[in-house]
Amino acid sequence: MGSLSGRRVVLGVTGGIAAYKAVEVCRRLVDAGAHVSPILTDGALEMVGATTFSALASEPARTSLFHDPETPIPHTMLGQQADLVLICPATARIISDIRTGRSADLLMATVLATRAPVMVCPAMHTEMWEQASVQENLEVLEARGVLIVPPESGRLAGGDVGHGRLAAPETIAAAVTRALAPGDLVARRVLVTAGGTREPIDAVRYVGNRSSGKQGHAIASEAAARGADVVLVTTRADAAPAGVRVVPVATAAEMAAACALEAPDAEIVVMAAAVADFRPAEAADNKLKKHDGVPQVTLVPTVDILARLGEAKPAGQVLIGFAAETDDLVDNASAKLRAKNLDMIVANDVSKPGVGFEHETNEVIVLMADGARHHVPLSDKRDIARAVLDAARARLESDPEKQEQE
Ligand code: CTP
């Protein structure tokens, strides 16, 4: 089941060059399970074809308030059914019309006929974006509770570079998911680590492991979708999900430093990273040359980040570790849970097919400090993320006094 399953989104497309990117946003929302009803303004139709949206969305694109084959009043039907009205891209014109309530077309009539949240994704040239009128209109919209996905800097139409480019489709899809999330982690501070650390031997070589970061990224993405403020410390920043604050790191020492900074404020910490246990004692600044002979690499232990977080765990924080095992799964994982002062450990037998490193799927046993156990059969890493966060939320909401006695 997608994270937007059963949710209805009216996708209003207005006449900016970025209208072509709304096609990708539409596809992402449909992929996530949303029912998407597109409305294109006259301006949008100058930029993209209604047929494209009709083919990709959940129903044919609408372009007019009149002569609708389904109903004489499409704006009230769409407005009443919507869980969210998303306007992407939003031109200066539509932003101004929303402020004044000027019902100029089907999209504006729908905006006026809905009680659902409205989200606008402005996109325009820098000069237009910086106009006092546009900024003032947006301030009014924001004060009224309209959700705004701000534009980014980058290449604009005509080859100019500046601020005003539509936010990336994945950022917009993440904002929609967040707005429509069940919200059981709203404003909760969550720290997730992900990926395998790389411990340098010289300027180009390192000691590493096969971790892809996928499980940690799925947890970060799921937590953000449920409303949490997420910090993701990852060695795979290139593949990080949208909607989270990313702290890129490479080595165990860098990850330890980032965690020392971020963990004290976090209510949930999920240590999904595969941290190297050993690193080369010395890393050469230059590339070691073959003709100098086979190098002797002496390994020394790295810091155990999770054990350190366990020692300094603030009251009420839920600290979660992972255990990648090939033998005696439950015994080994339970020992780590106790030794590192954890509330919960997610144990996976990485010798099984389809489990752990590099796979899209995982099978885990979640072990709680109170001895409770929960088996999650082979499933998508997003489903594992859901199960881990369900258990974390339950732990967070359990009686704090009881937690202190444990
Ligand atoms: N971990 C850590 N710092 C390390 C090593 C591990 O924070 N230097 C964390 C991992 O992120 C994971 C948990 O500790 O959440 C368990 O990691 P794992 O590699 O399974 O166990 P180790 O404690 O390293 O023990 P071993 O390798 O002997 O199984």
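As the structure lists them, so they are numbered: ligands from 1, and atoms in each ligand from 1.
Side-chain N or O atoms of R189 include none that pairs as donor or acceptor with a backbone N or O of V231 at under 3.5 Å. Counting only distance, with no hydrogens or angles, the side chain of S5 and the backbone of G33 share no donor-acceptor pair below 3.5 Å. For the pair K313 (side chain) and N341 (backbone), a donor-acceptor distance under 3.5 Å is present. Between the T14 side chain and the T91 main chain, a donor and an acceptor come within less than 3.5 Å of each other. Remark: the backbone N or O of R279 is not paired with any side-chain donor or acceptor of T302 at under 3.5 angstrom.
The shortest N or O to N or O distance between A272 and ligand 1 is not under 3.5 Å.
Taking 4.0 Å as the cut-off, K340 counts as a neighbour of ligand 1 on heavy-atom distance.
Regarding atom 2 (C) of ligand 1, its nearest protein heavy-atom neighbour is D304 OD1, 3.4 Å. Regarding atom 21 (O) of ligand 1, its nearest protein heavy-atom neighbour is K336 NZ, 3.0 Å. The protein heavy-atom contact nearest to atom 8 (N) of ligand 1 is V303 O, 3.0 Å.
In this structure, atom 15 (O) of ligand 1 has protein heavy atoms in its sub-4.0 angstrom surroundings. Within a 4.0 Å radius of atom 19 (O) of ligand 1, the protein has no heavy atom.
When each of Q81, E59, R62 is checked for a side-chain hydrogen bond (donor to acceptor under 3.5 Å, both in side chains) with S37, only E59 meets the rule. Screening L78, V85, D97 for a side chain to side chain contact (heavy atoms under 4.5 Å, CB included) with V111, the sole residue that qualifies is V85.
Counting heavy atoms under 4.0 Å from ligand 1, residue I305 touches it through both backbone and side chain. Residue-level proximity to ligand 1 for A276 is carried by the backbone, the only part with a heavy atom below 4.0 angstrom.
Interface atoms of ligand 1 facing T302, defined by a heavy-atom separation under 4.0 Å, are 8 (N). Interface atoms of ligand 1 facing G321, defined by a heavy-atom separation under 4.0 Å, are 15 (O). Each of the atoms 12 (C), 13 (C), 15 (O), 16 (C), 17 (O), 20 (O) of ligand 1 lies under 4.0 Å from some heavy atom of F322. Contact atoms of ligand 1 toward L306: 2 (C), 7 (O), 9 (C), 13 (C), 14 (O), 15 (O) (distance under 4.0 Å to a heavy atom of the residue). Ligand-side atoms of ligand 1 in range of D277: 4 (C), 5 (C), 8 (N), 24 (O), 27 (O), range being under 4.0 angstrom from any heavy atom. In the vicinity of A273, heavy-atom distances shorter than 4.0 Å reach the ligand 1 atoms 10 (C), 11 (O).
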Could you go through residues 115-125 and list every donor-acceptor pair under 3.5 Å that involves a side-chain atom there, pairing it with any protein atom two or more places apart or in another chain?
residue: H125; atom: NE2; partner: D160; partner atom: OD2; Å: 2.9

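With 3.5 Å as the limit, one finds no donor-acceptor pair spanning the side chains of R102 and S96. No hydrogens or angles considered: a donor-acceptor pair under 3.5 Å links the side chains of S153 and H163.
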